[in-house]
Amino acid sequence: MARFLGYTLESSITTAKEYMSTGIHEPNGSPSSSIAHQLLSGLNAAQMEAVQQMDGPLLIVAGPGSGKTRVIVHRIAYLVRVMGVNPYRICAVTFTNKAAKEMKERLVRLLGTRSEHLAAGTFHALCAQILRREGQAIGLSSDFVIYDTDDQQSLIKQAFEAEEVDPKRMPTGGVHNAISGAKSQLITPEGYASRAVSQYEQMVGRIYKRYQQLLERSQAVDFDDLLLKTYILFREHPEVLEKWQNRFQYLMVDEFQDTNVAQYGLARMLAAQHNNICVVGDPDQAIYSWRHADVRNILSFQRDFPAAKVVRLEMNYRSTPYVLKAAQAVIVANQGRIEKDLIPSKSGGEPLVITEAYNEEEEAQWVVREVDRLKRDDGYKFSDCAVLYRVNAQSRAFEEACLRYGIPYRLVGATRFYQRKEVKDILCYLRLATNPQDEVSLARVINVPPRGIGQKTVDDLIRWARSLGTSTVEALQRIETDQAAPVGKGAARSALMKFAQLLKDLTESAAKLPVLEVVDLAMQRTGYKEFLLRQETGGEERWDNLQELRGIASEFAEPPSPEGLTAFLERIALVSDTDNLDEAKDGVTLITLHQAKGLEFRAVFLVGLEEGLLPHIRSMDDPHQLEEERRLCYVGMTRAQERLYLVRAFSRHIMGGSSASLPSRFLRDIPPNLWTPPEGMQKTTLTEPRPSRRAAVVETIAGKEIANKPMLNPGDHVKHGKFGMGVVVSCLPSGSDFEVTVAFKENGVKKLLYSLAPLARV
DNA sequence: GCCGTGTTATTTTTT
DNA sequence: ATAACACGGC
């Protein structure tokens with residue numbers, strides 16, 4: 001089974017009986033009291049209380065850096081080792097699959113391999129597994145496909161068409177959001193329609209209903225359906241619910257502040273039998289309301305479980321007092337929050353550094369240089385440093401700066417790997433191979449690479465399929481035998497038949513070959529490689545992406561298809577890019593604020609602190625959204641262990657042109673005694689609209705003097721520490737530095753920055 | 001049916 | 001700035 005999912009529900013099920021009969025016994029025979037002691041040692045009073053509170057409902061309010069993960073892990077260990085609970089009877093729900101994986105790894109270290117029987121994963125992964133096993137009860141095939149955002153979007157467009165609604169009158173994005181929101185609150189199409197008031201809502205109701213029909217036709221579920229359908233399954237089949245209630249004697253939900261109504265509903269259902277439900281959260285870190293998370297779940301929990309014990313973890317083990325005070329100063333401005341303290345356990349530390357750059361290039365350059373300085377002067381590793389930003393688009397300037405300065409970086413999830421065109425195309429072929437009903441995948445690849453099946457032919461084919469009452473793929477297969485099929489003629493007809501054969505072969509091999517071979521077959525038979533390489537730009541890179549996909553596919557050698565293929569597709573649907581962050585590589589982490597939740601770094605650079613960016617312009621007209629922006633800022637700041645830099649740029653390129661911006665209001669909330677400007681700069685008031693532009697050319701860079709003219713001229717012979725001998729091609733001013741292009745004898749042409757590159761004229 | 005050109009909207013954050 | 005999209009010529 002797919003172990004790397006960090007989630008082994010399936011394997012737990014198959015081995016449960018055998019496992020349960022072995023019972024629990026201590027390997028070294030030590031009495032459980034000493035184990036209890038061991039598991040509690042090093043915990044503070046509140047943490048101990050949280051670990052030992054086993055039975056009944058429990059709410060843990062855990063501030064950032066309060067050792068929350070440690071408490072969860074120790075609590076599970078305590079349940080297993082001291083209370084003798086079988087790990088198989090414990091369910092731990094996490095926010096990401098990565099968190100689940102890490103939790104399991106820590107538990108394996110603490111408890112040994114039997115902790116692998118613990119069910120740990122996201123709500124979505126948990127529900128997907130339940131639905132694969134039990135979904136037939138509500139008419140769901142076990143081969144159902146999970147549609148991602150793009151698939152959903154195209155299905156919504158189809159629903160618009162079917163309902164004859166002009167997408168220009170109602171943007172699909174808004175409708176999508178409304179449907180997703182309804183599902184997250186457990187509202188079915190019927191329920192939605194019945195309470196629709198405005199004309200808009202009535203229209204959404206119609207599209208929602210149609211959209212749901214289209215999903216069912218394709219044997220597909222979207223992300224929200226995973227939750228909603230599991231909820232419906234439990235509600236309509238109490239015997240199924242009972243089975244899972246019995247299984248999960250103890251339930252824990254992490255990041256509870258970012259759960260939605262559907263998730264909370266599921267948790268409540270699952271816990272109804274034993275009532276042992278422990279939720280962990282921090283209302284100040286609720287940052288996913290746009291995904292329909294509802295922080296009020298914390299209040300609902302206290303209402304639904306009035307006997308719930310509440311434990312607060314306020315001691316902070318992560319950050320210096322400077323960082324904590326500054327973060328606190330930002331968050332207290334929110335209205336109606338539950339007062340919560342952050343008590344530093346560390347002392348000393350450095351004041352924050354707040355600075356301003358002229359534009360995003362200078363911002364990135366300043367940050368990258370400071371990272372380099374931290375490494376040189378203060379013994380930091382690159383991987384101790386992270387750049388946190390509001391929107392993915394900001395990563396570009398930092399990537400470029402890192403490349404120029406030769407600083408390694410780890411970029412988290414900018415363009416999602418699985419959403420890349422070429423990757424998605426191949427995945428759609430695989431999806432069709434397991435589920436020929438998948439209309440969205442079919443529509444996507446029927447003429448990719450171009451094989452002579454045009455729009456007209458596709459329309460005719462779909463119309464014919466509808467009239468036959470079959471799936472499009474089935475109609476396609478029927479053309480060969482049905483000479484009278486009113487679809488395509490001449491070249492188009494033979495192209496259709498060839499494509500039908502391709503799908504048939506693919507389906508056949510999917511039933512027996514390992515995933516990797518199915519991937520290879522799909523690429524071969526479609527001529528995908530040639531298709532890519534004949535593109536003018538980016539073909540090679542895209543081909544590389546497919547090689548990477550092959551690498552992932554090869555991990556799914558066991559079990560053989562079709563289970564392996566299903567597991568492969570499911571992992572791709574549910575596992576985020578953060579989950580694959582390469583821990584081994586030493587590099588600066590470039591990451592969005594949202595993705596940074598739960599992470600920590602010795603040095604954090606929170607960038608783009610400008611009105612319109614953080615807080616984001618789209619949040620500025622709604623006080624609730626504005627409060628969420630503030631929490632986002634708070635989350636970012638509290639990622640820092642030792643050093644926190646807050647950076648803003650005066651001017652930023654936005655949609656072509658460049659525009660000026662004001663310093664973020666959050667900066668103004670930080671008391672002046674907590675921060676300093678960078679060395680050699682004036683402490684400004686942070687209210688000035690425009691920074692005093694620094695001298696364009698710094699006098700000295702990294703010990704080398706820089707006059708206002710290039711130090712190197714084209715034609716000069718140079719020697720580089722790593723690349724060897726070369727000839728200067730050009731030397732151009734760049735920011736406060738020079739960009740030197742050198743043609744190396746052995747290593748080709750490189751662009752280097754004068755201040756950092758170990759270059760010497762010879 | 002394919003491909004090139006010009007037009008247009010699009011940008012928040014992600015399981 | 002970039003990419004998806006529509007249109008028209010081949």
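All values below were derived from every heavy atom in this structure, side-chain atoms included, with hydrogens, water molecules and symmetry-related copies excluded. Lettering of chains follows the sequences in order, A, B, ..., and the numbering in each one begins at 1.
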Interatomic distance where [atom1] belongs to [X] and [atom2] belongs to [N] [whole Å]:
| X | N | atom1 | atom2 | value |
| --- | --- | --- | --- | --- |
| A:Gln455 | C:dC5 | CD | C1' | 13 Å |
| A:Phe223 | B:dT15 | CZ | C1' | 6 Å |
| A:Gln153 | C:dA3 | CD | C1' | 15 Å |
| A:Asp459 | B:dG1 | CG | P | 10 Å |
| A:Tyr389 | B:dT11 | OH | P | 18 Å |
| A:Arg291 | B:dT14 | CZ | C1' | 5 Å |
| A:Ile617 | B:dT10 | CD1 | P | 16 Å |
| A:Asp150 | B:dT15 | CG | C1' | 14 Å |

Candidates [options] - which lies nearest the side chain of [X]:
| X | options | value |
| --- | --- | --- |
| A:Arg396 | C:dA1, B:dT11, B:dT15 | C:dA1 |
| A:Thr457 | B:dT15, B:dG1, B:dT13 | B:dG1 |
| A:Pro450 | B:dC3, B:dT15, B:dT14 | B:dC3 |

Query - Under 5.5 Å and under 30°: A:Trp290 stacked on B:dT13 - result: yes
Query - Sugar-phosphate only, base, or nothing, as touched by A:Leu227 at under 4.0 Å among non-hydrogen atoms - result: nothing
Query raised in the report: Which pair of heavy atoms, one from A:Val330 and one from A:Met637, lies closest together, and at what distance?
Result: CG2-SD, 3.8 Å
Query raised in the report: Taking for each residue the nucleotide of DNA chain B with the nearest heavy atom, is it A:Glu629 or A:Ala492 whose nucleotide lies nearer the 5' end?
Result: A:Ala492
